[in-house]
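Sequence lines set the chain letters: A, B, ... in the order given, protein chains first and strands last, and positions in each chain run from 1.
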Amino acid sequence: MNALTRAVLSFWDSSIGKKILVAGTGIALLLFLPGHLIGNLLLFAGKDAINEYALWLHNAGHGGLVWVARIGLLTVLVVHVLLTVQLTVRNRAVAQKYSYPATNRASRSSRMMIWSGLTILAFIIYHISHFTVRIGNDYNGTAYLTSLPGHEGDVHNVHKMIIDGFSHTGNTVFYMVAITILCSHLSHGFASVFQTLGLRSRKSDLLIARAGWAYALLIWVGFLSIPVAVLFFGYGRT
Amino acid sequence: MNFTLKVWRQNDGDSKGHIEEYPAENIPIEASFLEMLDIVNEKIIGDGGSPIHFDHDCREGICGMCSLTINGVPHGRENGTTTCQLHMRHFDDGDTIWIEPFRAGAFPVIRDLVVDRSAFDRIIAAGGYVSVRTGAAPDANAIPITKEDADHAFDSATCIGCGACVAACKNSSAMLFVSAKASHLNHLPQGAPEKDRRALNMVQAMDEAGFGNCSNHYECEAVCPKSISADNVAKLNRDYAAAAVRKALA
Ligand code: SF4
Ligand code: FES
């Protein structure tokens, strides 16, 4: 084994090394969410806007870009989940319980990270099978094809898919709960990135914590606006 | 003052411990927490029992030997105070007080409230020092250090190595202690030459000693009797990352 491999392996094995990788993959996911959100919000710009955007996404780089993004995100997610599970298992193994337990400062979000994280993972699996792979629905059928200028009847109707998806009360409530849990996860995750990468200090602490809250709130309002509009206000359902 | 104590009793590392109840009666209001335990112990010994074992030494908040998790909080609820400097006047007459050892996998119980904190010594031995030649003492002002750097180093150096940070941590992480010891030296000219080695070796020793991983709860900072800042943890994360990169490229 050469020195470089040894150094990489001992970084991967060390507690701080793992945490830095969790933070790094966390940043990628933190950046992905607003991108995803902006795409979704095109729903409010009319039927064609989101379908055009989806078509562009699927054809960009001769259809390669979407796969690069998918594989990249999947890798990031796998590393993030794998390492946090490893870290948690180790923490559970070495920590001991008090007969009289007390918490001084740790926020609820920070103490729930592994559970919020695993719930989000379950949601992501459901979400991808629902809207990307489209299992258990007929979103791949001809009823979900539409036309755009230059494309006659062969464009996937993302607009209709979203409206139909959020017309189900059960799905929608699950979605809303999952997004809320995601935002709890983000509020701690955002600030933690700065601490783990050594970019936080007592001076910047409050600013970073507030930015984390603001970010989580923005993501929460943004993602929930769609199901709320569709299910409760009938947006696009007529 | 009168109290009811719920105290962790455990014969040795191999036996199972349990909580036992003791009355603490006629405690003078000016007594410290350890003096209160002394009074209770005298009564236990008088009755032919085995006294409650607990660690202590200086009893003036500087040695880091006293421990005890009091009502779930290492060193008790008073901020910036060691158990030996905690006084009974901060409790209410008639209170029930739970007293447990500093709990962590890396701090095995030796007896009752006494735990083995030698894991900290192993971490210090791995890099919590500067290598200097022995001989005549160096001139105190030979190396200029800015006031800010000296202050930061001193703030970190006030860590007394008590282990409360580990005991309070939901993950039994030793990051506050290790980072205080590392940044005390890393940011001084005397410690800078060994900075990378220090960060890598101390973290490795910490992981090997069986401590958990920091997940940024900041419980450590909340209980530390010396108010060591979690800024040190951020600094160690940064120093470690830089050291790992330099080592990989070296
Ligand atoms: S950092 Fe604070 S709590 Fe931890 S060992 Fe040092 S003095 Fe004790
Ligand atoms: S006995 Fe020395 S610090 Fe408490």
message: For chain B, which candidate among A/S14, A/S99, A/A102, A/A23 shows the most heavy-atom pairs at distances under 4.5 Å?
response: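 Looking at each of A/S14, A/S99, A/A102, A/A23 in turn, A/S99 comes out on top.
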
query: When heavy-atom pairs shorter than 4.5 Å are enumerated against chain B, which of A/G17, A/A7, A/S110 gives the highest number?
result: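 Looking at each option in turn, the highest pair count goes to A/S110.
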
- request: Give every residue pair that meets the side-chain hydrogen bond (donor to acceptor under 3.5 Å, both in side chains) criterion with at least one member in residues 34-45 of chain A, sequence neighbours excluded.
  value: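 side-chain hydrogen bond (donor to acceptor under 3.5 Å, both in side chains) check on residues 34-45 of chain A returns A/H36-A/N40.
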
query: Nearest 0.5 Å, what's the CG-OG1 distance between B/N213 and A/T88?
result: 8.5 Å

- request: Enumerate by number any residue of residues 177-205 of chain A whose heavy atoms lie under 4.5 Å from heavy atoms of chain B; in the absence of such residues, state 'none'.
  value: A/H188, A/S192, A/Q195, A/T196, A/L197, A/G198, A/R200, A/S201, A/R202

Pairs of donor and acceptor atoms involving the side chains of residues 242-250 of chain B, under 3.5 Å and at least two apart or interchain, shall be tabulated with distances.
| residue | atom | partner | partner atom | Å |
| --- | --- | --- | --- | --- |
| B/R246 | NE | B/D196 | OD2 | 2.7 |
| B/R246 | NH2 | B/D196 | OD1 | 3.0 |

Among [options], single out the residue with the greatest number of heavy-atom pairs under 4.5 Å to chain A.
{"options": "B/N71, B/V73, B/D239", "value": "B/N71"}
{"options": "B/H217, B/E208, B/R238", "value": "B/H217"}
{"options": "B/S172, B/P101, B/G212", "value": "B/S172"}
{"options": "B/S173, B/A106, B/A241, B/S229", "value": "B/S229"}

Checking [X] side chain against [Y] main chain: does a donor-acceptor pair fall under 3.5 Å?
{"X": "B/E219", "Y": "A/A106", "result": "yes"}
{"X": "B/Y218", "Y": "A/R105", "result": "no"}
{"X": "A/Y100", "Y": "B/E100", "result": "no"}

Contact part of [X] toward chain A, heavy-atom cut-off under 4.5 Å: side chain, backbone, both or neither?
{"X": "B/C169", "value": "neither"}
{"X": "B/V233", "value": "both"}
{"X": "B/Q204", "value": "neither"}

query: More than 12 foreign heavy atoms under 6.0 Å from CZ of A/R210: is that the case here?
result: no

query: Is it the backbone or the side chain of A/K18 that comes under 4.5 Å from a heavy atom of chain B, or both, or neither?
result: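 It is neither, since no heavy atom gets under 4.5 Å.
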
query: What are the residues of residues 107-128 of chain B, in order of number, with any heavy atom under 4.5 angstrom from a heavy atom of chain A?
result: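 From residues 107-128 of chain B, none sit under 4.5 Å of chain A.
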
field: Contact check, side chains of B/M206 and A/S15, non-hydrogen atoms, under 4.5 Å
entry: yes

